[in-house]
A.B. asks: 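One structure, as C-alpha cells, below. Some questions next.
Order of listing sets the numbers, starting from 1, for every ligand and every atom in it. As a basis for the values below, the full set of heavy atoms in this structure was taken, side chains included, without hydrogen atoms, waters or symmetry mates.
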Amino acid sequence: MQDNILMADLLLPNIDKTPDYYENIYPTRKLPEGARVVRVAPSPTGYLHLGVLFVSLVNRITATSSGGIFFTRIEDTDKKREVKGGIEDIIGGLKRFGIFPDEGFISGNEQKGDYGPYQQSHRAEIYQTYVKELLRLGLAYPCFCTAEELEKVRNEQESQKIRTGYHGKWAKHRDITYAEAKALINEGKQFVIRLKSPGNEENKVVFEDAIKGKIEMPENDEDFVLLKSDGIPTYHFAHAIDDHLMHTTHVLRGDEWISSVPKHIQLFKLLGFKVPKFGHISPIMKLDNGAKRKISKRKDPEAAVHFFAEEGYMSDAVIEYLMTIAASDFEDWRRANPDKSYEEFKFNLKKMSVSGALFDGVKLLDVSKNIVCRLSSGEVYDYVTAWAKEYDTEFYNVLTKEPEYSKSVFAIDRDVPKPRKDIAKWNEVKEYFAYMFEEYYTPCFELPENIQKADATAFLEEYKKVYSPDDDRQEWFNKIKLVAPKLGFAAETKEYKANPDAYKGSAGDLSTVLRIAITGRRNTPDLCSIMQVLGKDECIKRIENAIRG
Ligand code: GLU
C-alpha cells in the first residue's frame, strides 16, 4: 500500500486534490423523478455530420420527453484531428436544426451550466486526480513500453493466434514496483498509465442496453491506457469521469462503442461510480448496389449536413424525417397530431431501430412537401429568398426585384384550404415556377397528339375575345365551356366520354391548350390563378404568340 502511494506521488506529483473535492463541487442534480440527463459528445474534427445530428436529436428528444437535461461536451483530446472553428461548426449546426442544448457548449465559445468545463482539454487535472486515486488503490500502474515493444508483442500474439492486447502475461509492467518505476523515470523514460484490470475473459458482463436490449460480452481483462504520456486521458477514461461528474443518467451514443462497454462498466465500478444506462444508436444506413451499409462521409453527399442546406431543405423537414427514422411510432403520432411540434412527442428508446434505419431520400422529399405545403406564401418567399441569397444570387435578384409579385406567385394553390403538395426544397422553385418569370420563361407550344393545331389556334382566337382577367375560377372555366361547342368540342367531359365520335375533344382538352399557350407546360398549378398573377397583358401576349405558332 505504501508503495502505491509513493507510486501515485511519483507519477502525478502536481496533483494535490482528491476525488472528494470534485464530488463536492459537482453534486447530484436536483431533478424530478424520471428526468433523464443525456449528452452529445462530439469531437471538433470537422463540419456537422448526419450521424452527430441524429444522435443529438435522439438525446435532445429523450431529455425533452422526460423533463431532463441535454448537454453538449466537447471531446477534444485528440488535438491532431481538431479543426479550427470545429466547435462552432457543430454547435452552430445543431442550432440551425433547432437543437438547443440546455447546458454545455451553447455556441462556439460559450458554455453554460454548473458541471463544466464542458471541454475535455480543460479537464486534465480532474482526470489526473482520479487516476492518482486508482494508483493509490493499486488499480493502475505505469507502463514504459515503447511503440516498438508493443508492436513486437502484437506480432508475437498474432503468430501464436492469441487475442492481441496488453493483458495477462503480456502485460509487461503490470507488477512494476515503485523502485523500478522510479529508476526508469530517472532515466527519462516516457510512460502511460494503465488500468490494472481485475477482469477475467472467462466471465461474462451482462447489461441491458436501452435500445438493443440484453447484451452479454466477456469481461475486460485488458490493461488499457487511462492516461497517455502527455497526461491526456483516453476516451474510455474521460467518458467514465465526465459522465459520472456530470451525472449523465443515459449514455446514448453511436453503436461503434458497444464493444467497449465491458471496459466502461469496469471503470465505473472500480471508481465506485453508479453505472449509467447505456443505449447504443445504430447508424443511418444506405443501400449500395442492393447491400446495406453505414452512411459514409466519403461516399455520400448527404452525410454532411450542409448538403441539406445547399439543396434547400428546410431544417424542420430534415428533423421531421429523422424523427421518422428515430421512432417507429412517430408517424402514427404525427397523423394524429398534425399541428404539434415534434418536441411534444413522447419518445421511447425501445422504438428505435436495432439494426439501423435506411436513409430514404424519397421519403425525405415527401416529408418535406408536407411541411412546405403548410407554409404561407410570405413564409415561402422569406425562405426561398434566404436560400437563393446564399446559393443562387441570380434567382435572388429576380425574386426580390418585385417582392409582391413573387409572393403572389408563391400564393398560387397555396393560400387555399387544400394547398398543393409540390415543392420539397428550395432549389426546385426556380424550375417549378420558371414560366412565371420573364428571365426563365421559354415558350413552347407543343400540343398533345389528340389535338389538332388548327383547332387549338381557333380556340385561342375565340377565347381571347371572351377572356377577362377578373374571372374567378368558375367563370374562367365557364368561358372555355362556352367556346367549346363552336369548335366542335364538348362542353362537358361526360358528354364527350358518352359519345366521343361526335366531338373533337372536351373543354378539359381546351384548357390544356390554354395551359400550354400560357406556360409552355401540360402540368401546372391552377391555371386561372396563374393567369391572374401574370396579368392581362402578359396573357394576351402569350396567347397571341401561340396563335402565331
Ligand atoms: N467523441 C465520441 C464520438 O464522437 C463520443 C461518444 C460518446 O457519446 O460517448 O464518438
A.B. asks: Please determine if Glu320 and Arg334 form a salt bridge, counting it only when a charged side-chain N lies under 4.0 Å from a carboxylate O.
C.D. replies: yes

A.B. asks: For a salt bridge (charged side-chain N to carboxylate O under 4.0 Å, His left out) with Asp243, tell me which candidate from Arg253, Lys277, Arg73 qualifies.
C.D. replies: Arg73

A.B. asks: Would a line drawn from the ring center of His239 to the ring center of Phe268 be shorter than 6.0 Å?
C.D. replies: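 Yes.
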
A.B. asks: Of all the atoms in ligand 1, which lie at a distance below 4.0 Å from a heavy atom belonging to Arg253?
C.D. replies: 7 (C), 8 (O), 9 (O)

A.B. asks: How far is atom 5 (C) of ligand 1 from its nearest protein heavy atom, and which residue and atom is that?
C.D. replies: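 Heavy-atom neighbour on the protein nearest atom 5 (C) of ligand 1: Ala41 O, 3.2 Å.
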
A.B. asks: Is the gap between the ring centers of Phe330 and Phe345 under 6.0 Å?
C.D. replies: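 Yes, the ring of Phe330 comes within the 6.0 Å limit of the ring of Phe345, centre to centre.
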
A.B. asks: When you measure from atom 10 (O) of ligand 1 to every protein heavy atom, which one gives the shortest distance, and what is it?
C.D. replies: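 For atom 10 (O) of ligand 1, the nearest protein heavy atom is Trp257 NE1, 3.0 Å.
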
A.B. asks: Are Phe308 and Tyr321 near enough that their ring centres are under 6.0 Å apart?
C.D. replies: no

A.B. asks: Which protein heavy atom lies closest to atom 9 (O) of ligand 1, and at what distance to 0.1 Å?
C.D. replies: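 For atom 9 (O) of ligand 1, the nearest protein heavy atom comes out as Tyr235 OH, 2.4 Å.
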
A.B. asks: Using a 3.5 Å cut-off on N or O atoms only, is Val251 in polar contact with ligand 1?
C.D. replies: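 There is no such contact.
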
A.B. asks: Determine whether the aromatic ring centres of Tyr141 and His173 lie less than 6.0 Å apart.
C.D. replies: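 So the answer is no for these two rings.
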
A.B. asks: Can you list the ligand 1 atoms lying under 4.0 Å from a non-hydrogen atom of Ser43?
C.D. replies: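 Checking each atom against Ser43, I get 1 (N).
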
A.B. asks: Please classify the Arg39 to ligand 1 contact at 4.0 Å (heavy-atom distances, strictly less than): side chain, backbone, both or neither.
C.D. replies: side chain

